[in-house]
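In what follows, a structure is listed as structure tokens, so that the remarks can point back to it.
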Amino acid sequence: MAFLGASTLVGIASCLFAAILGSGAHAASNVQAGSRPNVVFILADDWGWGDVRVYNPAHPGVRTPHLDSLASQGMLFTDFHVANPVCSPSRTAFMTGQFPSTLGIFNYLRSNHAANHGDGMVDYLNTSVPTITRALQESGYRTGHFGKWHLGSTPDAPPPTHYGINQSATYVSTDPNRLAGCVDPGSIKECPDVHWSGKSSRYIVDAGLDFIGNAAKDKVPFYLNLWLHVSHAPLQLLPEQLEPYPLNESCYGDTYNPPSKAYQYPHCPNQIFRAAQHDADFHIGRLLTSLEQMDLAKNTIVIFSADNGPEDPHIYFNSVGTAGPFRGQKRSIYEGGHRVPFIVRYPGVVPANVTSRVLMSSVDYLPTIAALTGTALSATTQENLVGVDMSSVLKGTGEPERKINLKWDWRFGVIGNCWNEAPRLAIRKGDWKLLMNADSSRVELYNMTEVHFEDVNHAHEKIGVVQELSKELLDWVATQPTGPVSAHSGCGIHMKV
């Protein structure tokens, strides 16, 4: 398959650099003039780097015309990373600008204390931790969150309103407000409508549009999280949603998917999975059209990303997402587990149709959005941030220095193919990525400009780089909360030495 190449990116950057310069002043004048931008953050679930067509144009099943259009109107990042390869810790980083392990969230949060404590975790994100929603709410924004929450769902977990959110309707939460069609927000498998997962994108976008309409009517700036269910398991689609993917054209020889669970369909995985993402893209298109119709598009920052890489079909065999050319998937700290799509549109400020190779992370989200919206951060918030303000990259005016290198700590096993079983720890500095276990075994060093699949290990020849990065990584781990480490953590094998 064809993927975006380094030479293409360099060419784009060279041609557009002059045009990009100068957009920063426009952003500053917008904020100073009181026309503070609205923000819509669409976070998809379990979408790999290659699950958006503009990232992976040769894949026959990936059809995301509205996301492709969004990318053509803004900036697409090819080297964007979430802070953890599973749900709750990844979302924690977006919300807080901190490494999730620092906050005691290493794995996805469960709805019972025993499971969380068994992994050495807290039950929910502490409400005293600064969040992007609270920062914007305190600065005059109306804040909303619709869709998945997954930052705490034990009976004593606070609802989203305790995190600086004015209005919400969520699931995997203790939210008293339910999304349409789902009585129990704790688990969509318990929704009375078996097709709720297929309808979820419509329900979530509908709730978001109501929120936007009311904010526009009241003439207040808004910040909105739309956190989708798709493409997390289960995926139960309506017959009309499958129509764009006929069985004989979509299944590549696999015409029957024998169900192992009551909520699975007797259709091929590729048909169901791609139709679900296509439907999510359709509703994202409805959102974008509505912003235009309400005359809000020009002053609204729209962001699309995903919480982690694609799920393994051994977990749910309709899960056939792709990480593109990268090794790894959900639960792996090889690239495919944490390198995900990231697209930003902000007309007149973020230049259109630009592809960026700049390294960026979910921990950068909070300070970047604060800067773009003219939101002052408290001293406490700034003191605890590990991310950096990347608004200058979005405006094309420069790249800030990253004082704290990106780090990952995955204490559990990886399900599926053995080549996705990475070491427990990783650190990224510039083009170098080092992986290793806490006992200094399985040291792997990759130059991320050379390979995508992380199979050419430079650890034996770049001893100085290994020493520098391993010391920083191990020193950092020593500061993190302790907890159980799975016997399967970091137990895979080298692909090549």
Side-chain angles (χ1 to χ4, degrees), residues 38-45 86-98 100 103-105 108-112 116 121-188 190-191 196 200-201 203-215 220-229 232 287 303 305 307 362 365-366 369-370 373 375 381:
N38 309 303
V39 183
V40 177
F41 178 31
I42 306 163
L43 187 65
D45 204 320
V86 298
C87 184
S88 300
S90 174
R91 294 161 193 266
T92 295
F94 276 115
M95 287 285 282
T96 67
Q98 300 187 45
L103 301 173
I105 301 177
Y108 70 94
L109 294 170
R110 281 71 145 206
S111 59
N112 68 84
N116 292 328
M121 294 197 299
V122 299
D123 284 318
Y124 50 83
L125 177 62
N126 194 311
T127 56
S128 68
V129 177
T131 60
I132 182 61
T133 45
R134 181 176 290 113
L136 266 66
Q137 184 190 59
E138 291 177 350
S139 72
Y141 274 75
R142 182 177 296 177
T143 55
H145 187 113
F146 301 95
K148 192 172 187 177
W149 177 244
H150 217 168
L151 295 173
S153 59
T154 53
D156 59 339
T161 51
H162 288 221
Y163 297 87
I165 294 171
N166 293 108
Q167 186 179 344
S168 64
T170 62
Y171 63 98
V172 195
S173 69
T174 57
D175 197 334
N177 302 310
R178 277 67 162 165
L179 284 161
C182 189
V183 174
D184 183 357
S187 171
I188 69 165
E190 298 173 24
C191 293
W196 190 88
S200 62
S201 296
Y203 289 147
I204 293 167
V205 169
D206 282 350
L209 288 174
D210 285 345
F211 172 84
I212 290 170
N214 289 329
V220 294
F222 61 83
Y223 173 91
L224 173 62
N225 283 335
L226 291 180
W227 289 7
L228 305 180
H229 166 73
H232 197 285
L287 169 73
I303 301 156
S305 193
D307 63 343
S362 54
Y365 180 79
L366 187 155
I369 295 301
T373 57
T375 300
T381 303

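Scope of the values below: all heavy atoms of this structure, side chains included, with no hydrogens, waters or symmetry mates.
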Closest heavy-atom pair and its distance - Ala157, Tyr124
CA-CD2, 3.6 Å
Ignoring hydrogens, what is the shortest heavy-atom contact between Pro176 and Pro159? Give both atom names and the distance.
CD-CB, 4.2 Å
Other residues, nucleotides, ligands: >12 heavy atoms within 6.0 Å of Tyr108 OH
no
Which value, rounded to the nearest 0.5 Å, describes the distance between [X] atom [atom1] and [Y] atom [atom2]?
| X | Y | atom1 | atom2 | result |
| --- | --- | --- | --- | --- |
| His145 | Thr161 | NE2 | OG1 | 12.0 Å |
| Leu179 | Asp206 | CG | CG | 10.0 Å |
| Glu138 | Thr143 | CD | OG1 | 10.0 Å |
| Thr131 | Gln98 | OG1 | CD | 11.0 Å |
| Leu43 | Tyr365 | CG | OH | 9.0 Å |
| Asn166 | Arg142 | CG | CZ | 7.0 Å |

Can you tell me how the ring of His232 sits relative to the ring of His229, calling it parallel under 30°, perpendicular over 60° and tilted otherwise?
tilted
[X] side chain to [Y] main-chain N or O, any donor-acceptor pair under 3.5 Å?
| X | Y | answer |
| --- | --- | --- |
| Thr174 | Pro155 | no |
| Asn38 | Phe222 | yes |
| Arg134 | Val129 | yes |
| Thr133 | Ile165 | no |
| Asn116 | Arg110 | yes |

Is there side-chain contact between Val122 and Leu103, with at least one heavy-atom pair below 4.5 Å?
no
Close side-chain approach of Leu287 and Ile212, heavy atoms under 4.5 Å:
yes
Carefully, step by step, assess Tyr223 and Thr373 under the rule side chain to side chain contact (heavy atoms under 4.5 Å, CB included).
CA-CA 10 Å; Tyr223 173 91; Thr373 57; over 6 Å; no
Dump the intermediate steps for ring-ring contact (aromatic ring centres under 6.0 Å, His included) on Trp149 and Tyr163, then the final yes or no.
CA-CA 11 Å; Trp149 177 244; Tyr163 297 87; 5.3 Å; yes
Taking only residues two or more places apart in sequence or in another chain, which ones pass ring pair (Phe, Tyr, Trp, His ring centres under 6.0 Å) with Phe146?
Phe211
Measure centre to centre between the rings of Trp196 and Tyr171, then say whether the value is under 6.0 Å.
yes
For the residue pair Thr170 and Asp175, confirm or rule out a side-chain donor-acceptor distance under 3.5 Å.
yes
Just distance, no hydrogens or angles: give the donor-acceptor pairs under 3.5 Å from side chains in residues 86-93, sequence neighbours left out.
{"unit_1": "Ser88", "atom_1": "OG", "unit_2": "Leu109", "atom_2": "N", "d": "2.9"}
{"unit_1": "Ser88", "atom_1": "OG", "unit_2": "His150", "atom_2": "O", "d": "2.8"}
{"unit_1": "Ser90", "atom_1": "OG", "unit_2": "Asp307", "atom_2": "O", "d": "2.5"}
{"unit_1": "Arg91", "atom_1": "NH2", "unit_2": "Asp45", "atom_2": "OD2", "d": "3.2"}
{"unit_1": "Arg91", "atom_1": "NH2", "unit_2": "Asp307", "atom_2": "OD2", "d": "3.1"}
{"unit_1": "Thr92", "atom_1": "OG1", "unit_2": "Ser88", "atom_2": "O", "d": "2.9"}

